[in-house]
Undergrad: 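One structure coming up, written as C-alpha cells, with questions to follow.
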Amino acid sequence: AKIIHIDIDPSSISKTISVDVPIVGNVGDVLADMNHLLEVSKTQPDQAALAEWWAVIDGWRAKRCMSYDRSSDQIKPQAVVEMIHEITRGDAYVTSDVGQHQMWAAQYYGFSKPNRWINSGGLGTMGFGLPAAMGVQLAFPEETVICITGEGSIQMCIQELSTCLQYGLPVKIVALNNRYLGMVRQWQEFFYQNRYSHSYMESLPDFVKLAESYGHVGIRIERVEDLRPKLEEAFALKDRLVFLDIVTDQTENVYPMIAQGKAHNEMHMSPYCDLPQDPERELS
C-alpha cells in the first residue's frame, strides 16, 4: 500500500514512517480537495475489491469491543463510570489521573459536550486528577466536578483535601480501588507471564476515615447492590466534597489494548466482544 501523509507541519512529514505521498496543508482543506478530485475523476474503483474491503470493515464493526461481564457479583469499574454518567446525565466536568481508571473514564462516561474531559493524556502524570478538579471547581463553582482516580494516583496529591476544605470545593472523588497499580499489573499479566512485581497495594489507608479527618464525607462501596444508592447519595451532597472509595474487581483489564510496537490488527480484544449483549445496555 502507498502511504499518503497529510500534516500542516512539514517537519512531521515522514517523522515516524516514511511515506510515499507527502501533502503539507490543513487536513480539512486537503480532504475536501481530494473528495472533489474523486467526484470529477473518470476512474472507477474495483467494485469487487471494494465490496470485499467493506465486508472486512463490517466484521470489525460487529465486534462489541466495549463489552464486559455485567453479571459479575463484583463491582466492575466500567459499570461505575456508566452509572455516574446516568446519574449526572452527562452534565459534569470529569478529571482523571493516570492508569486503567483513566481509560475507563474516557471510554464509558459518554462525553457529549466539549471541554468536559480534563486529563494529562499520554504524559502519565499521576496525581493530576485532584488538582485539576480543584481548578475546574474554582472556575465553575456551580457545576458538578468529578475526579475519577485510582487508589495509587490519589495519594500523590491527597494533602490537597485540606485546600479543598479551606476553599469550599465540593469535588466528588471517585476512587476505583482495585488494590493494584492497575495498568502496571495488566502489562505484567499480558506480557510478563503474570510475574507481578511492585504493582500491588497492601499498605492502603482507610480512605473514608482519611477523608473525614480532613472534614469531608467519606463513603466506601463494596457491594454491587450498594453502588447506585451510594452514588446518588454522594452526588446529592452538592456543597460537600465526597470521597467515594469503591472496591472494584482486581482482575478487570482495559480493552482494546495495543502492545508497544504492535499494529492495530494485533490488539488485545475483550473476551466478551463476540458474545451477545443486552442491546439496551450496550454502548454504541
Side-chain angles (χ1 to χ4, degrees), residues 1-67 78 81 85 90 93-126 128-129 132 135-136 139 148 183 186-187 190-191 253-270 273-274 282-284:
K2 287 189 175 181
I3 300 175
I4 302 173
H5 186 175
I6 306 169
D7 203 298
I8 200 167
D9 179 7
S11 67
S12 293
I13 297 291
S14 292
K15 189 173 183 178
T16 305
I17 297 173
S18 296
V19 301
D20 301 290
V21 182
I23 302 175
V24 177
N26 179 277
V27 172
D29 295 335
V30 173
L31 291 178
D33 290 343
M34 291 174 69
N35 282 333
H36 175 70
L37 290 173
L38 288 171
E39 290 169 1
V40 301
S41 174
K42 296 181 180 179
T43 304
Q44 296 297 317
D46 183 335
Q47 294 300 323
L50 199 59
E52 183 179 348
W53 177 234
W54 274 110
V56 172
I57 293 173
D58 288 338
W60 291 336
R61 286 175 167 175
K63 291 184 179 294
R64 300 179 181 272
C65 63
M66 303 296 283
S67 300
Q78 303 97 319
V81 178
H85 180 263
Y93 289 84
V94 180
T95 73
S96 82
D97 280 292
V98 171
Q100 288 179 313
H101 65 269
Q102 178 187 27
M103 307 297 113
W104 287 317
Q107 290 175 322
Y108 292 93
Y109 187 75
F111 295 94
S112 59
K113 298 179 180 180
N115 303 319
R116 295 301 184 100
W117 172 225
I118 299 94
N119 76 109
S120 62
L123 295 176
T125 315
M126 289 178 71
F128 175 89
V136 175
I148 296 179
M183 190 57 77
Q186 179 169 338
W187 275 74
F190 282 15
F191 310 120
N253 290 319
V254 171
Y255 296 101
M257 180 184 185
I258 304 177
Q260 185 174 359
K262 298 294 184 179
H264 284 73
N265 63 341
E266 299 175 286
M267 69 175 64
H268 290 257
M269 301 294 289
S270 166
C273 70
D274 291 320
E282 189 64 30
L283 294 176
S284 60

Undergrad: Who passes side-chain contact (heavy atoms from CB on, under 4.5 Å) against Q44, sequence neighbours left out?
TA: none

Undergrad: Hey, is CG on L38 packed in by over 12 heavy atoms from elsewhere, all under 6.0 Å?
TA: yes

Undergrad: Within the side chain of D97, is there an N or O that forms a donor-acceptor pair under 3.5 Å with the backbone of M126?
TA: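 Such a contact is absent between D97 side chain and M126 backbone.
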
Undergrad: If you round to the nearest 0.5 Å, how far is CD of Q186 from CG of N253?
TA: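 Spacing of CG (N253) from CD (Q186) equals 4.0 Å.
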
Undergrad: How far apart are the closest heavy atoms of H268 and Y255, and which atoms are they?
TA: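 Heavy atoms only, the tightest pair is O-CD2, 3.7 Å.
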
Undergrad: Which heavy-atom pair separates A132 from I118 by the least distance, and what is that distance?
TA: CB-CG2, 4.1 Å

Undergrad: Return the set of residues passing side-chain contact (heavy atoms from CB on, under 4.5 Å) with N265 (not counting sequence neighbours), or none when no residue passes.
TA: A263

Undergrad: Could you grab the distance from atom CD1 of I6 to atom CG of L31, nearest 0.5 Å is fine?
TA: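 One finds 4.5 Å between CD1 of I6 and CG of L31.
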
Undergrad: Please name the pair of heavy atoms, one in Q107 and one in P256, separated by the smallest distance, quoted to 0.1 Å.
TA: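 Answer, listing the atom of Q107 first, then P256: NE2-CD, 4.0 Å.
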
Undergrad: Quick one: list whatever passes side-chain contact (heavy atoms from CB on, under 4.5 Å) with K15, sequence neighbours left out.
TA: none

Undergrad: Side-chain polar contacts of residues 46-54 - donor-acceptor pairs under 3.5 angstrom, sequence neighbours left out - could you list them?
TA:
from : atom 1 : to  : atom 2 : distance (Å)
D46  : OD1    : A48 : N      : 3.0
D46  : OD1    : A49 : N      : 3.2

Undergrad: Partners of H5 by side-chain contact (heavy atoms from CB on, under 4.5 Å), sequence neighbours excluded?
TA: D7, I13, V19

Undergrad: Once rounded to the nearest 0.5 Å, what's the spacing between atom CD1 of I23 and atom CG of D29?
TA: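 Separation between the atoms: 12.0 Å.
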
Undergrad: Which pairs pass side chain to side chain donor-acceptor pair (under 3.5 Å) with one or both residues in residues 111-123, sequence neighbours excluded?
TA: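 Sorted result for residues 111-123: D91-K113, D91-R116, Q102-N119.
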
Undergrad: Closest approach of S270 and S67, non-hydrogen atoms and distance?
TA: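 Residues S270 and S67, closest heavy atoms: OG-O, 3.2 Å.
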
Undergrad: Identify the two heavy atoms, one from M257 and one from W187, that lie closest to each other, and give their separation to 0.1 Å.
TA: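 That closest heavy-atom pairing would be CE-NE1, 2.9 Å.
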
Undergrad: With side-chain contact (heavy atoms from CB on, under 4.5 Å) as the test, would you mind laying out the steps for V94 and F111 before giving the verdict?
TA: CA-CA 9 Å; V94 180; F111 295 94; 3.8 Å; yes

Undergrad: What distance do M269 atom CE and K63 atom NZ have between them, rounded to the nearest 0.5 Å?
TA: 6.0 Å

Undergrad: What pair of heavy atoms forms the shortest contact from I148 to H101, and how long is it?
TA: O-CD2, 3.2 Å

